[in-house]
Trainee: 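Can you read through this structure? Questions will come right after.
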Amino acid sequence: MIPTIFALATAPGRAGVAVVRVSGPASGDALAALTGKPLPEPRMATLIRLRDPKTREALDDALVLRFTAPRSFTGEDVVELHLHGGRAVVAGVVEALSALPGLRVAEPGEFTRRAFENGKLDLTEAEAVADLVDAETSAQRRQALRQMEGALGKLYDGWRERLTRSLAHIEADIDFPDEDLPSGVSNAARPVLDALAAEIDGHLDDRGRGERLREGLHIAIVGAPNAGKSSLLNALARREAAIVSARAGTTRDVIEVHLDLGGYPVVLADTAGLREAAADEIEEEGIRRALDRAARADVKVAVFDSTALPALDPATVALLDKDTVVVLNKTDVVDAAVPTVGGWEAVAVSARTGAGLPELERRLTAFTADRLAGSGAPALTRARHRSALEECRDALRRALTAPLPELMAEDVRLASRALGRITGRVDVEDLLDVIFRDFCIGK
């Protein structure tokens, strides 16, 4: 018999409201045991006192919701207990549920896994549940909601349906060679396969927009020692995230802060000062890490000290390119009305007074939006999606050059299978633990 599971579905800790979810065939019996009364009508919120089934001690006055299968999140009978969010209240209800026969605590991601297994979600929608819970910016929220509503799954299922129809034409040529079929039935599939391969190429050619939106665009602050990089990080973060000192070389390791720029997630990194001769092996390692972070960053903020003009730090100048925002710092000390640095347009700021920071934030927001803003089509959001789509595209290319219908059909089957793995239509058993194991209990 399928066990009935329960878990706290809201964040742990003290809160105004806490929700405990129960899912499975014994969820109704569990509610009856806690209330000692007839079950409330499905989908009708009911205020009712919960009691310990053994001692009949009052636990809480809770708002109770009951959902009957299959009209629930998991597709099973579900009960939600909306409790007062004190730790003692939640602990008392959880302890009472634990003592009931046939119930156990849910494993991480088990509610969402049951929703998938009962056909309430495909794998892309299940992944979107986790993304929505973890969303920190409005852009992340919009992407997760769209994926949870099935935009990505519908796109891939539509492609798979086209492959299925093409495969039927190819196999008709193979299985019924002596029948009175139109000549070149399998050849009619070639334009469809070619068009689909081109669509997948376009879908893949997105500069990793969906993955970056989930994880945050990486911006590295680089520059010479004492150029004011740490002060700039603190000013943009609006908190003292990095130690600031007049002593050169204070920052030895990469310091990261997470920001919301215009609704887009950003990981802003302060790095060690760049100079040719390091003072010791620790600073040398810091410089190596700074250069590595700059090479991997989506956007660089190159900081120059306006008090050192007209001299320019050559190590920082060497990093300037189209993905760099050039900053002239310390303009409160020296009025640097220099529009360019090394031929690149610069933003004049003072990290100490805040002058010029709105313009710098506007520039960074424009860079971020350019890389993360979508065109309207759903974006692939995970490395496993990208890998399966590349496998599908490669199989289609092989099918288009296959010398025999049998080989063509096999490659089309492989392409269809690759798409099916994204949504969970095929080969799902080896994926389920990987996908759901990082979910928090209660999802």
Side-chain angles (χ1 to χ4, degrees), residues 217-252 254-257 259 261-262 266-277 283 286-287 289-291 293-371:
L217 196 79
H218 285 265
I219 300 178
I221 302 176
V222 296
N226 249 6
K229 301 184 299 299
S230 297
S231 297
L232 188 62
L233 176 87
N234 291 342
L236 291 169
R238 292 173 174 80
R239 63 184 177 88
E240 298 297 316
I243 296 173
V244 175
S245 170
R247 177 184 172 187
T250 301
T251 302
R252 299 296 185 93
V254 176
I255 299 172
E256 292 183 346
V257 296
L259 302 180
L261 283 180
V266 163
V267 181
L268 185 65
D270 181 23
T271 63
L274 304 177
R275 57 180 166 184
E276 293 182 2
E283 186 181 6
I287 293 173
R289 293 186 182 190
L291 292 172
R293 178 55 66 94
R296 292 186 291 110
D298 300 297
V299 180
K300 297 182 290 293
V301 176
V303 183
F304 293 91
D305 186 347
S306 63
T307 65
L309 295 176
L312 296 174
D313 170 47
T316 306
V317 170
L319 297 177
L320 303 184
D321 57 24
K322 63 181 180 60
D323 294 321
T324 305
V325 176
V326 180
V327 171
L328 273 176
N329 195 19
K330 303 183 182 180
T331 56
D332 57 307
V333 179
V334 176
D335 185 12
V338 180
T340 61
V341 171
W344 297 86
E345 183 183 358
V347 182
V349 306
S350 168
R352 187 175 70 85
T353 67
L357 286 179
E359 172 61 17
L360 175 58
E361 289 180 340
R362 188 192 67 78
R363 296 273 191 96
L364 292 176
T365 300
F367 264 85
T368 303
D370 178 65
R371 285 154 180 76

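The structure presented is a predicted model; accordingly, all values stated were derived computationally and were not measured.
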Trainee: Determine yes or no for a side-chain-to-main-chain donor-acceptor pair under 3.5 angstrom, with T324 supplying the side chain and K300 the backbone.
Mentor: no
Trainee: How close do L320 and A302 get, heavy atom to heavy atom, and via which atoms?
Mentor: CD2-CB, 3.5 Å
Trainee: To the nearest 0.5 angstrom, please state how far the CG atom of L261 sits from the CZ atom of R362.
Mentor: 13.0 Å
Trainee: Please determine which of I221, I255, D270 meets the side chain to side chain contact (heavy atoms under 4.5 Å, CB included) test together with S230.
Mentor: D270
Trainee: For residues G356 and V347, report the shortest heavy-atom separation together with the two atoms involved.
Mentor: O-CG1, 4.0 Å
Trainee: Looking at side-chain heavy atoms only, is the closest gap between L232 and L357 below 4.5 Å?
Mentor: yes
Trainee: Compare every heavy atom of A290 with every heavy atom of A272, then report the nearest pair and how far apart it is.
Mentor: O-CB, 3.6 Å
Trainee: For T331 versus A348, what's the shortest heavy-atom pair and its separation?
Mentor: CG2-CB, 3.8 Å
Trainee: Only one of V303, V327, V301, N329 clears side chain to side chain contact (heavy atoms under 4.5 Å, CB included) with K229; which?
Mentor: V303
Trainee: Scan V349, L309, D305 and name whichever one has a side chain to side chain contact (heavy atoms under 4.5 Å, CB included) with L328.
Mentor: L309
Trainee: Considering the options T368, I219, L268, which one meets the side chain to side chain contact (heavy atoms under 4.5 Å, CB included) requirement together with V299?
Mentor: I219
Trainee: Which atom names give the shortest non-hydrogen contact between L274 and A315, and what distance separates them?
Mentor: CB-CB, 4.0 Å
Trainee: Within this structure, what is the CD-CG distance for the pair E359 and L364, rounded to the nearest 0.5 Å?
Mentor: 10.0 Å
Trainee: Is there a side-chain contact between D298 and D323 in this structure, where contact means two heavy atoms from C-beta onward sitting under 4.5 Å apart?
Mentor: no
Trainee: Write down the atom of G223, the atom of D313, and the distance for their closest heavy-atom approach.
Mentor: C-OD2, 4.4 Å
Trainee: Roughly how far apart are R293 CZ and T271 OG1, rounded to 0.5 Å?
Mentor: 9.0 Å
Trainee: Establish, from distance only, whether the side-chain atoms of S231 and N234 form a donor-acceptor pair under 3.5 Å.
Mentor: no
Trainee: Measuring from L291:CG to R289:CZ, what's the distance to the nearest 0.5 Å?
Mentor: 13.0 Å
Trainee: Atom OG1 in T365, atom CG in L360: separation rounded to 0.5 Å?
Mentor: 9.0 Å
Trainee: With no hydrogens and no angle check, is any side-chain donor or acceptor of R371 less than 3.5 Å from a backbone partner on F367?
Mentor: yes
